[in-house]
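Naming convention: chains lettered A, B, ... in sequence-line order (proteins, then strands); numbering from 1 in each chain. These numbers come from the heavy atoms of this one structure, side chains and all, not from hydrogens, waters or symmetry mates.
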Amino acid sequence: MLSVRSWLRSFSDADEIMESEEMSIMGTKIVYNHRAIEKKWREKWEENPVNPKVDDNGKKKPKYYCLDMFPYPSGNGLHVGHWRGYVISDVWSRYKLQQGYYIIHPMGWDAFGLPAENYAIKMGVHPAKSTAENVANIKRQINDIAALYDWDMEVNTTDPNFYKWTQWIFVKMFKAGLAYEKEFPINWCPSCKTGLANEEVVNGKCERCGAEVTKKNLRQWMLRITKYADRLLNDLDKLDWPEKVKKMQTDWIGKSYGAEVDFPVDGRNEKITVYTTRPDTLYGATFMVLAPEHELAKSLATDETRDAVEKYIYDSSMKSNVDRMQDKEKTGVFTGSYAINPLNGAKVPIWLSDYVLADYGTGAIMCVPAHDDRDFEFATKFNIPIIQVIAKDGKEIENMTEAYTDASGTMINSGEWNGMESAVLKKEAPHIIEEKGIGRATVNYKLRDWVFSRQRYWGEPIPIVHCPDCGCVPVPEEELPLRLPDVESYEPTGTGESPLAAIDEWVNCKCPKCGKPAKRETNTMPQWAGSSWYFLRYVDNHNDKELVSREKADEYLPVDMYIGGVEHAVLHLLYSRFYTKFLYDIGVIDFDEPFHKLFNQGMITGKNGIKMSKSKGNVVSPDDLVRDYGCDSLRMYELFVGPPELDAEWDDRGIDGVNRFLKRLWNLLMDSKDQDIQPTKEMIRLRHKMVYDITTRLESFSLNTVISGFMEYNNKLIELAKKTGGIDKETLETIAVLISPFAPHFAEEMWEQLGHTETVFKAGWPTYDENEMKEDEIQIPVQINGKTRAVISISAEASKEDAIAAGKEAIADKLTGNVIKEIYVPKKIINIVMK
RNA sequence: GCCGCUGUGGCGGAAUUGGCAGACGCACUUGACUCAAAAUCAAGCGGGUAACACCGUGCCGGUUCGAGUCCGGCCAGCGGCACCA
């Protein structure tokens, strides 16, 4: 079919040929014509939207806010994979609409940031221009989905009326002490030529472009997300999110309980504080390791060790993240100095090694080789003594070949702690240490503060002025937005300066506080800045006084259902939670979690699970499929390819299946609609069962089986219609409503063909009656020793005796042994156990 | 290395609380219609057998009248974290 089509398309009037062919009338029957139907209803909806606008909302109806992650306007347009999430959220929105909810289903553009900017650079056009073009193109493609989007709510992160508030939030954070400047070696992508947040480094590589991330010492704007670590962690409990995402965030925040212990340096009036989660093993500490970047690292060297120590510190600073991670074998250098174990006075050597991270804990650790794998490896390599302090199964391990890391066993070689259970001591030790005055109980997080500035052009300018007298002064709130200036050269410089730094007339300004000459901050915000709060703006996007009015926020927010890929688990979803909590703290909104329920849809891939991309040449565009099969068929096929939460390989051929289904349903409608068929008992039963099945599958988000359910019932009804000549009107009406979230144009046409003049979306979701679903006669398998030997038909109400008697009769010739047990599970099975 | 998820026909995938494994669809085969093709309709479609029997849900074992489903032990693939002390 497709190849014939493409052959026909080579003629100039191919579309007209196809159109007339499909419009043709075969006999007296009108053939399903998706083009005519979809065009007709698209126009009708344009005139009379099925979901009323915000302002028409009676405010009495319950609302449902369904949202999918907004796209960035890439130059490649949408492929069938993008469709999936949009179809899922639209199906859910329309289902909620049928249940009587007022639906908020907006769409917008995440248009600042690297993808848009890199595309612009590649094409040699200004990002503002290419972004606007790409938005227009993708908007056209998105309209093909026929989703319930309310374009009056549209937002665009590059619109000054939007980024005014992105900047406003930053100013508020600055005033709250949550945004601060810091100079330190940050993750730097040499290809994107910008600093990156920790979350944007995946396996040592840039999340965007895959280039190896290096370190660069830069002055940076940071957001103190760590201050929210506990709340970000604890509030996960109240979210209806996939466990997988909750776990990823939990691991990323990485809270651990332990103790800081102060080790005096031998012969010096200094101490080194270490962080440990295993203070119970303190007696087993036989050495100490500092990160090469530790502030005391250099000064601990003696005359004999100085050269080696300085070389090691220098070498470490030259290693990239990837190098440092991939080093299989531990390296290190002895400083020549010793520390005193504050518990037992033991003198332990102080080493430097890059397996200790400078920015976690205190940048220094005590090492207990007997009970830590890394310490064991290090001690073995450098011949450092190993002292066991936990007895496994009551005794010391002889000839230790690996560390014993379980916290289960009895303490030994541990002075007054001897004989205690290690698991108990692990909990008590921090407090004991605190009482002794040699340390304190503490917690630590893997989460780091957020590196928030980017040395790129296409982002929100950070609204800060650097004044020689006043320091960092925020741009006054009434002067926002601070507009991104137009610039001729917007390519990244790679020097650590943003292209904005080259615009003197923009950079030079007056200090808002004292009026003296000052300079503007030239870094811009990351793409996440806009996407961390955009969902709040939809419901009040024209408000020029507030980010969102409290009235509208209270009424419409937060988001009930959020749909997006799992790739945002620790980026967008963590940042959005942080922003929401901050806005809650300053009273902008009255909730502190943005997304009540989260659904992660799986990715659509090309053959063999390869991600669709232009460079791989495996991108499938929805445009041809919409033209050849229709929006309704594609919508249904997007769901039919597999469980929505799992990845699925795209195969064009499968769409024929759903298209044939719609054609068969159409033919059933055409055969039945003018016949006034009286419903048989079987039709009524099927109708109730169908409502039950479709509804329960939809509720459990098993959207692929909803589609197969439609096919199953359609097949059954077609069989039935062969006997009766058609299907009753009520059953057909029920199908039209049930299928309306999935194939909205088809449903509307079906509804109209059945004589209705109002939209099907006002029909209301059908209900079922379990009594009507019951069958009088049921088919039930009869087994001998668990193997099916016959299938019999009995009354659904049959007693155990009657059922078993009927079952035995059916397999009488096989009942040759002694029956030792007879099992009847009502309506399920008969099993005769024989010897 | 640690944590999580997933293993079912040629393929995508179905199987409430354990109860006829393979629904639904794709592909394929055959037949009808057609000069022919497409479309459509009808039949078939895990392996095995002439037909039964029998064997089949990654592998090994267990519980049970009965296991894709529960338990124990492995194997493979995918994903997350990755020296976080």
Sticking with atom P, work out how far B:G22 lies from B:G72, rounded to a whole angstrom.
-> 29 Å
Could you check which of B:C65, B:C24, B:C20 has an atom nearest any side-chain atom of A:Met711?
-> B:C24
Interatomic distance, A:Asn785 CG vs B:U64 P [rounded to whole Å] | 15 Å
So what does A:Lys722 hit on the nucleic acid, given a heavy-atom distance under 4.0 Å: a base, only sugar-phosphate, or nothing?
-> sugar-phosphate
Would one find a side-chain N or O of A:Tyr355 under 4.0 angstrom from OP1 or OP2 of B:A85?
-> no
Choosing from B:U16, B:C20, B:C24, which nucleotide comes nearest the side chain of A:Glu712?
-> B:C24
Classify the side chain of A:Lys330 and the base of B:C83 as holding, or not holding, a donor-acceptor pair under 3.5 Å.
-> yes
Below 4.0 angstrom from OP1 or OP2 of B:A85, is there any side-chain N or O of A:Ser256?
-> yes
Across the strands shown, which category fits A:Val825 at heavy-atom distances under 4.0 angstrom: base, sugar-phosphate, nothing?
-> base
For B:G72, does the glycosidic angle fall within 90° of 0 (syn) or outside that (anti)?
-> anti
Base, sugar-phosphate alone, or nothing: which one does A:Lys247 contact when heavy atoms must sit under 4.0 Å apart?
-> sugar-phosphate
Minimum-distance nucleotide to A:Ser708 side chain [options: B:A23, B:C41, B:C83] = B:A23
Distance-only polar pair, side chains of A:Ser256 and A:Tyr360, donor-acceptor under 3.5 Å | yes
Identity of whatever pairs with B:U17 - Watson-Crick or G-U, under 3.5 angstrom | none
How many angstroms lie between CD1 in A:Ile718 and CG in A:Leu665, if you round to the nearest 0.5 Å?
-> 7.5 Å
Provide the distance between the two P atoms, one in B:U69 and one in B:G9, to the nearest whole Å.
-> 15 Å
Between B:C24, B:A85, B:G19, which nucleotide has the shortest distance from any of its atoms to the side chain of A:Lys828?
-> B:G19
Report yes if the distance between the aromatic ring centroids of A:Tyr629 and A:Tyr637 is under 6.0 Å, otherwise no.
-> no
May I ask you to test the A:Val348-A:Met366 pair for a side-chain heavy-atom distance under 4.5 Å?
-> no
Value rounded to 0.5 Å, distance of NZ in A:Lys821 from CG in A:Asn785 = 12.0 Å
Salt-bridge test for A:Asp230 and A:Lys255: reply yes if a basic N is under 4.0 Å from a carboxylate O, no otherwise.
-> yes
Name the pairing partner of B:A42, where a pair is Watson-Crick or G-U wobble with both distances under 3.5 Å, or state none.
-> B:U30
Expressed as a whole number of Å, how far does the P atom of B:A67 sit from that of B:A21?
-> 10 Å
The nucleotide from B:C81, B:C20, B:A23 with an atom nearest the side chain of A:Val202 is B:C81
Taking only the side-chain nitrogens and oxygens of A:Arg660, find out if one of them lies under 4.0 Å from OP1 or OP2 of B:U40.
-> yes
Please work out if A:Arg789 contacts a base, only the sugar-phosphate, or nothing of the nucleic acid, heavy-atom cut-off 4.0 Å.
-> sugar-phosphate
A:Lys244 vs B:C5: side-chain N/O to OP1/OP2 distance below 4.0 Å | no
Decide if the gap between the ring center of A:Phe710 and the ring center of A:Phe742 is smaller than 6.0 angstrom.
-> yes
Which nucleotide in the set B:C65, B:A82, B:G25 lies at the smallest distance from any side-chain heavy atom of A:Arg664?
-> B:G25
Take atom CG of A:Asn203 and atom C1' of B:G79, then tell me their distance rounded to the nearest Å.
-> 11 Å
Does NZ or CZ of A:Lys689 come closer than 6.0 Å to the centre of the six-membered ring of A:Tyr692, within 45° of the ring's axis?
-> no
Nearest-Å distance, CG (A:Asp656) to P (B:A39)?
-> 8 Å
If you check the A:Gln783 side chain, which of B:A85, B:G19, B:A23 turns out closest?
-> B:G19
Separation of B:A85 P from A:Leu352 CG (nearest whole Å) | 21 Å
Please report, rounded to the nearest Å, how far the C1' atom of B:A85 is from the CE atom of A:Met288.
-> 12 Å
B:C11 phosphate, OP1 or OP2: any side-chain N/O from A:Arg653 under 4.0 angstrom?
-> no
Phosphate contact (B:C55 OP1 or OP2) by A:Lys787 side-chain N/O below 4.0 Å = yes
In Watson-Crick or G-U wobble terms, with both distances under 3.5 Å, the base opposite B:C35 is none
As its Watson-Crick or G-U partner within any shown strand, both distances under 3.5 Å, B:G77 has B:C5
Check ion pair A:Lys716-A:Glu719 (N to O, under 4.0 angstrom) | no
Does the side chain of A:Asn659 get closer than 4.0 angstrom to OP1 or OP2 of B:G25 through an N or O atom?
-> no
Nearest-angstrom distance, C1' atom, B:A32 to B:A38 | 15 Å
Taking CD1 from A:Ile707 and P from B:G13, how many angstroms apart are they, rounded to a whole number?
-> 16 Å
Give A:Asn715 one of three labels, base, sugar-phosphate or nothing, depending on what nucleic acid heavy atoms sit under 4.0 Å from its own.
-> sugar-phosphate
Checking all strands, does A:Asn704 fall into the base, sugar-phosphate, or nothing category for heavy-atom contacts under 4.0 angstrom?
-> sugar-phosphate
With both distances kept under 3.5 Å, what pairs with B:A67, Watson-Crick or G-U wobble?
-> none
Quantified in whole Å, what is the P atom distance between nucleotide B:C11 and nucleotide B:G4?
-> 30 Å
C1' spacing across the pair B:G10 / B:G46, given as an integer number of angstrom | 10 Å
With a non-hydrogen cut-off below 4.0 angstrom, is A:Asn831 in contact with a base, only sugar-phosphate, or nothing?
-> base
Paired with B:C11 by Watson-Crick or G-U wobble geometry, both distances under 3.5 Å: which nucleotide is it?
-> B:G25
Rounded to whole Å, CD1 of A:Ile784 lies from P of B:C52 at a distance of 18 Å
Scan A:Glu649 against the nucleic acid and name what it touches under 4.0 Å (heavy atoms): base, sugar-phosphate only, or nothing.
-> nothing
Nearest whole angstrom, please: distance from the C1' of B:A39 to the CG of A:Asn33.
-> 15 Å
Partner nucleotide of B:G72 by Watson-Crick or wobble geometry (both distances under 3.5 Å) = B:C60
Given the P atoms of B:G68 and B:G56, what is the spacing between them in whole Å?
-> 10 Å
